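First the proteins, then the strands, lettered A, B, ... as listed; each starts at 1. Being a predicted model, the structure only gives us computed values, none of them experimental.
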Amino acid sequence: QKEVEQNSGPLSVPEGAIASLNCTYSDRGSQSFFWYRQYSGKSPELIMSIYSNGDKEDGRFTAQLNKASQYVSLLIRDSQPSDSATYLCAVNGRDSWGKLQFGAGTQVVVTP
Amino acid sequence: GEEVAQTPKHLVRGEGQKAKLYCAPIKGHSYVFWYQQVLKNEFKFLISFQNENVFDETGMPKERFSAKCLPNSPCSLEIQATKLEDSAVYFCASSQRPATNEKLFFGSGTQLSVL
């Protein structure tokens, strides 16, 4: 079992709709959770971080964390074509202080 | 500098040749991380440094891979006797503190192609 799992996609979303991305992790002691966006051929860019259970909103992005279920999600509201990218879930585990475990990423395609 | 600078952008090596990649972290960042991205999306942690000291090397292959961060020099990742499976994009990232809850700033990566 991979430490961080995501659906690979592609997730096709009509422009203006909500994109919902999911991520599960295996280390119950994980403390920090991140969502990175990576455009093809580019470096990852941090868009959200979350550390406690519940929701965290930043503009059109909302991250949700449920440590009991070992689940973190990202919602993108009012999806735009510029949101088309691969979204990487990254987790800092209990025994991995100083490094991140990445999921394989979910490709999102926003269609006009 | 204001961004993580990685050189070269592309590196082509024949199997068995040596490859050396460089990374200059953002000025003031004490932590440097190397990640390997194979097949576009599989990120693998390799090694991290706190200044010139190895912080975590649990992801480094035991053979052929080595890394250094020396004072007043770019950090480097060296692969001796490259193999086809080493073909990947190698990303360097830096942060002010360990990545526990700190934003990592990534460089643009070095695309290594082993032929």
Side-chain angles (χ1 to χ4, degrees), chain A residues 2-11 21 23 25 27 29-52 56 58 63 65 67 72 84-109, chain B residues 2-7 9-10 21 23 25-26 29-51 53-60 67 69 88-111 113:
Chain A
K2 289 187 179 180
E3 296 194 38
V4 180
E5 301 225 35
Q6 297 179 250
N7 291 327
S8 60
L11 176 65
L21 291 77
C23 171
Y25 58 95
D27 183 353
S30 297
Q31 300 175 3
S32 310
F33 307 86
F34 306 89
W35 284 99
Y36 284 82
R37 177 176 62 198
Q38 187 178 27
Y39 293 112
S40 183
K42 301 296 184 182
S43 59
E45 173 193 10
L46 180 68
I47 53 172
M48 289 290 286
S49 59
I50 187 166
Y51 310 112
S52 55
K56 180 181 177 182
D58 184 0
L65 175 61
K67 289 187 179 180
V72 58
S84 297
T86 296
Y87 290 80
L88 300 161
C89 174
V91 175
N92 188 276
R94 173 178 41 194
D95 296 324
S96 60
W97 189 59
K99 72 184 183 191
L100 296 176
Q101 301 287 345
F102 281 85
T106 297
Q107 184 186 3
V108 172
V109 179
Chain B
E2 295 296 319
E3 60 180 24
V4 178
Q6 288 190 250
T7 56
K9 288 192 184 300
H10 302 279
L21 292 61
C23 168
I26 292 173
H29 283 192
S30 303
Y31 292 84
V32 171
F33 306 81
W34 285 99
Y35 284 87
Q36 178 194 55
Q37 189 180 30
V38 177
L39 298 176
K40 291 191 177 181
N41 291 327
E42 293 284 348
F43 267 83
K44 179 189 172 189
F45 169 80
L46 295 176
I47 191 170
S48 61
F49 288 84
Q50 179 183 12
N51 296 313
N53 303 307
V54 174
F55 189 72
D56 184 334
E57 59 181 349
T58 52
M60 279 289 268
C69 278
V89 181
Y90 291 83
F91 285 101
C92 174
S94 72
S95 70
Q96 289 183 316
R97 286 174 286 278
T100 308
N101 55 6
E102 184 73 9
K103 178 176 180 176
L104 292 189
F105 292 82
F106 281 85
S108 56
T110 293
Q111 170 82 58
S113 299

What is the minimum heavy-atom distance between B:G107 and A:S43, and which atoms define it?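 In this case the closest contact between B:G107 and A:S43 is O-CB, 2.9 Å.
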Give me the atom names and distance for the closest heavy-atom approach of A:L88 to B:F43.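 Result for this residue pair: CD1-CE1, 3.6 Å.
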Counting neighbours of CG on A:N7 that are heavy atoms of other residues, nucleotides or ligands and sit closer than 6.0 Å, is the number greater than 12? no
Around atom CD of B:E57, are there more than 12 heavy atoms from other residues, nucleotides or ligands closer than 6.0 Å? no
For the ring-ring contact (aromatic ring centres under 6.0 Å, His included) test, which of B:F45, B:Y35, B:F91 pairs with A:F102? B:Y35
Between CG of B:L104 and OH of A:Y36, what distance do you get to the nearest 0.5 Å?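 Result: 4.0 Å between the selected atoms.
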Quick one: pull up OG in B:S95 and CG in A:L46 and give me the separation to the nearest 0.5 Å.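 Answer rounded to 0.5 Å: 11.5 Å.
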